[in-house]
Amino acid sequence: MSHPNAAAAPAPAGLNNAQMEAVHHLESPCLVIAGAGSGKTRVITHKIARLLQAGYAPAQIAAITFTNKAAAEMRERARALVGSRAAKPLVVCTFHALGVRILRADGERIGLKPQFSILDSDDVLGLLRDAGATTDAATARRWQWTISSWKNQGLDSAGAAQVVADDEERVAQRVMERYEERLAAYQAVDFDDLIGLPLKLLRTDAEARSRWHETLRYVLIDEVQDTNTVQFELLKQLTDHALPERRGKFTAVGDDDQSIYGWRGATRDNLRRLADEYPTLKVIALNQNYRSTSAILRAANAVIAHNPKLFEKQLFSELGEGEPVRVVESDGEEHEAERAVARIQSLRGQGGAVAGGPGGGAVALRDFAILYRANHQARIFEKALRKAQLPYRVSGGQSFFDRAEIRDLVAWMRLLVNPDDDPAFLRAVTTPKRGIGHQTLAGLGTFAGRWKVSLFEALFAESLGAALPRKAVDGLHEFGRFVNDLQHRAGQTSGAEDAKALLQGWLKDIAYEQHLYDGEDQEKLAAARWSNVMDFIDWVSRRCGGEIDTDGGLTTESERKTVLEVAQSISLIASLAERSEEQDVVTLSTLHAAKGLEWPHVMLVGVNEGLLPFKSEEDDMTPERLEEERRLMYVGITRARQTLMVSTLRRRKRGRELVAGTPSRFIAEMKLHTAATQEDPKARLKALRDAAAARVAAAGKPA
DNA sequence: CATACATGAATTTTT
DNA sequence: TTCATGTATG
């Protein structure tokens with residue numbers, strides 16, 4: 001991963017004492033409480049090196065993360081430390097990728113054929129609409145959410161039947177039953193299944209379990225505080241070896257104060273469970289922060305002190321006092337945005353005047369982040385930045401793989417891997433249009449439903465002729481033959497050059513470029529889409545050529561792969577090799593999406609009651625909810641390296657009139673007044689002098 | 001009655 | 001940005 005602001009610990013000479021202890025503790029399960037910016041990736045990668053030294057083979061070590069990005073960064077840092085040869089066989093991947101690996105190898109033992117398809121959330125939504133016979137996307141989305149949270153608690157539809165609380169859930173539970181039937185019929189799994197099914201396998205199949213215990217002998221897991229119940233159970237199963245001396249070989253790394261995903265099933269309580277269920281658990285806290293100034297950390301510590309503690313931890317920094325944290329009050333969102341822009345411009349104008357500025361030179365745009373609670377808040381800042389002609393990037397924008405044209409091609413590839421993947425079939429057979437319409441597909445669907453076979457299987461059934469007109473059947477057969485032929489060739493084609501030729505030939509055969517220009521009235525847009533398609537083709541063929549995996553997916557070796565093999569791993573991959581990441585632009589991001597990243601200059605905006613902590617009408621703010629919001633504030637504060645500005649609205653526009661806004665309680669909790677913010681001119685002067693002294697001290701040190 | 005446009009409101013997100 | 005709701009117009 002190449003994000004310039006990714007939390008790459010500014011390398012201290014070696015490891016500090018706590019880090020060293022964490023790295024060398026192999027005797028019993030280990031939990032590393034890694035505060036923000038305390039060098040946790042460093043600990044994990046060094047621990048991998050330590051395990052290799054202790055005699056583990058690389059392929060026996062698994063490092064599990066939550067995102068592809070984190071996995072890629074981890075692999076890269078491990079490679080830098082232990083070398084390519086040792087790093088290659090390491091199992092560094094996401095939870096879900098590990099699930100895929102287990103299911104591709106052993107899924108047959110629980111009735112899943114190895115070429116099963118992975119549905120993304122759009123596919124799931126379509127299936128649910130179908131299963132629940134609704135066209136209403138909002139309803140289907142609620143079902144999706146409900147069903148997913150049941151699955152994340154380890155419940156199937158039968159289990160969910162025991163816990164339904166109201167009528168809406170009762171309906172969702174029935175939809176879930178039909179959804180499960182469909183998944184089984186399509187030989188497809190959703191993202192939740194990628195955790196749930198491997199867990200089921202390991203629980204019920206002793207032989208498979210012991211085989212996996214032989215394969216993966218030591219497990220490192222990142223961000224444990226973000227694990228949900230099912231993921232936690234999977235971790236336990238993976239490390240629950242039959243031999244006592246081989247049991248509990250894991251290191252979990254996390255920070256209870258950065259647990260911000262409770263709303264999607266993550267439970268901070270898993271940290272406590274680790275301590276409860278593993279009496280020999282060694283808990284090590286990393287308290288030294290290598291990212292932020294003392295002024296920033298003091299504010300962070302003060303805020304989080306209002307939460308009950310799970311583990312004792314107090315971050316400190318040796319980077320100097322730094323600039324005081326600034327609180328700014330604005331009249332309305334526009335005003336706030338203008339002031340944020342003004343701050344960027346003034347800090348940039350100042351050049352290297354800020355302590356430790358990159359190379360002591362000008363402050364770059366990429367050094368700034370504007371962080372907010374909710375996505376819609378970005379809008380007004382975008383407007384202000386555009387007006388000031390400052391380039392920016394909004395986090396969590398539409399990903400490459402979400403684009404319609406890419407989803408078309410991915411559907412085709414999924415169909416090649418698993419012709420029984422009905423959602424993929426439907427998309428491919430109608431993209432581009434080939435004279436197979438609603439009527440034909442409805443007929444085929446009815447036929448397939450009656451005989452309980454997939455659409456693709458139904459297509460070649462003898463008796464289909466009785467159910468559909470001759471012309472329709474001919475069209476379907478032609479499509480089927482085309483897919484079969486392409487599938488055959490894709491299974492034999494490997495290497496970048498050949499793969500590219502195959503893919504280009506395929507696009508030509510289906511006249512995809514024409515399809516794009518037909519569907520778009522503006523030629524420029526169609527051309528842009530086609531260029532995306534070309535990027536996609538390049539990307540797939542490069543992987544066929546055996547280029548080293550940079551996406552954290554499954555691959556641990558770099559041999560040539562067939563097009564079909566590459567297609568197998570495609571659903572899991574969320575982003576192309578980051579292309580725009582290195583541009584010098586201001587970052588706009590939600591607090592959630594900012595986790596794990598850092599910037600020299602951070603602005604937290606919209607820090608108001610109602611927004612942060614967030615509160616909606618029908619929402620009773622439980623203490624737990626408030627604590628999670630506070631952790632969100634904590635995460636925001638600890639993203640900043642040199643300066644932090646916290647912005648709040650005195651007044652907000654509501655409709656046409658301005659209404660009073662209340663600064664967030666978290667601002668008071670930062671306890672800035674002692675150091676001086678704006679009230680006391682004398683104290684402020686002193687703070688400025690201190691900061692200047694700190695700058696001088698910092699400038700004397702090598703970077 | 002249906003469609004077009006304007007207005008206002010808006011949790012958080014990965015795989 | 002998107003999504004839903006409401007008003008105005010054909």
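What you see is a predicted model; the values in this text were computed from it and never measured. Lettering follows sequence order; numbering is per chain, from 1.
Rounded to an integer number of Å, the gap from NZ of A:Lys151 to P of B:dT15 is 18 Å. Atom-to-atom, CD of A:Glu628 to P of B:dT11 comes out at 16 Å; the value is rounded to the nearest Å. Distance CG (A:Leu597) to P (B:dT13): 13 Å, rounded to an integer number of Å. Taking atom CZ on A:Phe614 and atom P on B:dA9, their separation rounds to 14 Å, with Å as the unit. The nearest whole Å value for the distance from the CD atom in A:Gln144 to the C1' atom in B:dT14 is 13 Å. Separating the CG atom of A:Leu194 from the P atom of B:dT14 is a distance of 17 Å, rounded to the nearest angstrom. The separation between A:Leu119 atom CG and B:dT15 atom P is 17 Å, rounded to whole Å. One interatomic measurement links the two molecules: CG of A:Asp190 to C1' of B:dT14, which rounds to 13 Å at whole-angstrom precision.
OP1 or OP2 of B:dT13 has at least one side-chain nitrogen or oxygen of A:Asn375 nearer than 4.0 Å.
Projected onto DNA chain B by closest heavy-atom contact, A:Thr590 and A:Arg379 fall at different nucleotides, the more 5' of which corresponds to A:Arg379.
The side chain to side chain donor-acceptor pair (under 3.5 Å) test applied to A:Arg141 returns no partner, not counting sequence neighbours.
A distance-only check finds no donor-acceptor pair linking the side chain of A:Asp123 to the backbone of A:Pro423 [under 3.5 Å].
If you run side chain to side chain contact (heavy atoms under 4.5 Å, CB included) between A:Met74 and each of A:Thr41, A:Ile64, A:Leu90, A:Leu220, only A:Thr41 comes through.
Taken to the nearest 0.5 Å, the CG atom of A:Leu271 stands 6.5 Å off from the CG atom of A:Leu310. Atom CE of A:Met176 and atom CH2 of A:Trp143 lie 14.0 Å apart (nearest 0.5 Å).
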* Asked: Run the side chain to side chain donor-acceptor pair (under 3.5 Å) check on A:Glu233 and A:Gln231 step by step: do they pass?
  -> CA-CA 5 Å; A:Glu233 289 298 325; A:Gln231 287 161 335; over 6 Å; no
* Determine, stepwise, if the pair A:Leu626 / A:Arg665 fulfils side-chain contact (heavy atoms from CB on, under 4.5 Å). => CA-CA 11 Å; A:Leu626 178 64; A:Arg665 70 193 78 182; 3.5 Å; yes
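Comparing B:dT15, B:dT13, B:dA10 by their closest approach to the side chain of A:Ser121 singles out B:dT15.
Residue A:Trp263 and nucleotide B:dT12 are classified as a stacked aromatic pair, their ring centres being separated by less than 5.5 Å at an interplanar angle below 30°.
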* To do: With pairs defined as Watson-Crick or G-U wobble and both distances under 3.5 angstrom, please note down DNA chain C as a dot-bracket string, | for pairing with another strand.
  => ||||||||||
